[in-house]
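Following: one structure in structure tokens, then a few remarks.
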Amino acid sequence: MTETRPNAEHGNGEAQPEPSFPLVEIQDLKTWYPIRRGVLARTVGQVKAVDGVSLAVKRGETLGLVGESGCGKTTLGRTLMGLEQANEGRILFDGQNILAMKPAEKKDIRRRMQMIFQDPLTSLNPRMLVRDIVTEGMRALGMIRDSEAEDTAASLLAEVGMNRESLTRYPHEFSGGQCQRISIARAVSMRPDFMVLDEAVSALDVSVQAQVLNLFMDLQDKYGLTYLFISHNLSVVSHIADHVAVMYLGKIVEYGTVADVIGHPVHPYTQALISAVPVPGRRTQRIILKGETPSAARPPLGCAFHPRCPEAADVCRTRAPRLEISSHRLFACHMRNHDR
Ligand code: SF4
């Protein structure tokens, strides 16, 4: 990936500031869901879907967030977007803590943060014409007049590689890749700065995946967009991301540049994930993890990964490792030397 272009022009025509501080900063974020039992619906426990995550995404960069299904990565993305309620922590967007804001104060920030979902067809209203889908948000916020909708929609579709004839058709008339392009046009219409891409290419054919990934990268270059790219697919993440965070049972276990984390993983969990990715010419032994990911309602004591970890020692069963920094990368493991 290229570095952020400091003067990249945004959709509003304004030059963007130097990428001196992160656009998005998450501090000790917790999203827990109560487990209720009995006729009185007493809270008897918590599902700790996101459990003390801190991350930062620099302007114009893409942070890949990876992990197995159920690790909490989608909940993290949805919490950022306000679709799930955080229990604790701070989400700083452009320096402002959006969790402490009143709904009216968040209105413009919500416009600047958009999300693309995994299933493009279900994220589009089947009863609306494409023209209305891609301009609905703009009209609601008074960004365009009704008379401008047709031409605005046509230019948004052109941005995502679709023609004007698509304007008067319904979502079910398009393929999955085309529906995802319509979703992207709708998100871009709001002139966002930040987008959460949640398994945004996972449901598409492999050939279409590459086209949509290229579209995301073109739009990022053109508008200086910042992405959180959530995926279980490390090959795809290595193609689009600048940095990668690996999540396991609600916590970040490793973080660094793509070259470091995917090229030279340190944490045993990351090593196992990467060993499962076929790379032409590479002959690495596949690391098979034992068992399933434990429940986030009852995470194991000590290191949550210890029941599956091929390197677990006694200390791992009693003491949770902290995420510590070493040579610009972070990892949480007792058995790794942080000073090397
Ligand atoms: Fe494995 Fe122990 Fe490291 Fe956890 S702390 S990843 S159990 S070696």
Side-chain angles (χ1 to χ4, degrees), residues 26-32 45-56 63-76 88-89 230-235 237-238 241 243-279 282-340:
I26 304 163
Q27 297 175 347
D28 203 17
L29 190 69
K30 293 180 182 166
T31 308
W32 295 1
Q46 301 281 347
V47 175
K48 298 177 179 178
V50 177
D51 192 22
V53 167
S54 297
L55 280 175
L63 172 65
L65 183 61
V66 302
E68 291 166 297
S69 172
C71 71
K73 55 191 191 304
T74 287
T75 305
L76 177 58
E88 281 179 35
I230 298 171
S231 180
H232 68 282
N233 186 329
L234 283 156
S235 302
V237 168
S238 67
H243 286 84
V244 184
V246 182
M247 199 164 177
Y248 186 79
L249 220 57
K251 295 181 188 293
I252 303 300
V253 297
E254 184 160 3
Y255 168 88
T257 63
V258 167
D260 279 345
V261 175
I262 296 190
H264 308 281
V266 170
H267 193 280
Y269 177 61
T270 318
Q271 290 175 340
L273 287 183
I274 290 181
S275 78
V277 179
V279 176
R282 189 180 74 181
R283 289 172 146 207
T284 338
Q285 184 82 36
R286 169 122 194 231
I287 302 167
I288 308 285
L289 292 176
K290 297 176 278 182
E292 299 290 318
T293 310
S295 164
R298 269 175 303 155
L301 286 176
C303 174
F305 185 54
H306 86 253
R308 305 174 74 196
C309 180
E311 300 179 45
D314 286 347
V315 63
C316 308
R317 295 179 186 92
T318 54
R319 193 154 59 83
R322 287 194 321 214
L323 195 60
E324 291 182 297
I325 192 159
S326 173
S327 305
H328 304 294
R329 61 196 297 181
L330 289 154
F331 48 90
C333 178
H334 294 308
M335 296 295 127
R336 296 292 185 265
N337 179 359
H338 281 82
D339 297 325
R340 69 182 177 180

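Both ligands and their constituent atoms are indexed starting at 1 by order of listing.
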- Message: My understanding is that we take every heavy atom of each candidate and find the minimum distance to atom 2 (Fe) of ligand 1. Doing that for C316, P268, P300, which one comes out nearest?
- Response: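 Selected option, by shortest heavy-atom distance: C316.
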- Message: Please report the interatomic distance CD1(I288) to CZ(R308), rounded to the nearest 0.5 Å.
- Response: 11.0 Å
- Output yes if H306 passes the N/O/S-under-2.8 Å test against atom 1 (Fe) of ligand 1; output no otherwise.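 So H306 does not count as coordinating atom 1 (Fe) of ligand 1.
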- Check ion pair R336-E324 (N to O, under 4.0 angstrom): no
- Answer yes or no: is there a donor N or O on one side and an acceptor on the other, between the side chain of E254 and the main chain of V266, under 3.5 Å? yes
- Message: Closer than 3.5 angstrom, by distance alone: can the side chain of H267 be matched with the main-chain N or O of A332 as a donor-acceptor pair?
- Response: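 Yes, H267 side chain to A332 backbone: donor-acceptor pair under 3.5 Å.
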Where ligand 1 meets [X] - atom numbers and elements under 4.0 angstrom, heavy-atom basis:
X	answer
C309	1 (Fe), 6 (S), 7 (S), 8 (S)
H334	3 (Fe), 5 (S)
F305	6 (S)
H267	6 (S)

- Message: Checking a contact table here: which protein heavy atom is nearest atom 8 (S) of ligand 1, and how many Å away?
- Response: M335 CG, 3.3 Å
- atom 3 (Fe) of ligand 1 sits nearest the protein heavy atom C333 SG, 2.3 Å
- Closest approach of H306 and C316, non-hydrogen atoms and distance? ND1-O, 3.6 Å
- N/O/S from C303 sitting under 2.8 Å away from atom 4 (Fe) of ligand 1: yes
- Message: Please check if the number of heavy atoms outside R298 that lie under 6.0 Å from its CZ is greater than 12.
- Response: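 It does not: R298 CZ has 12 such atoms or fewer within range.
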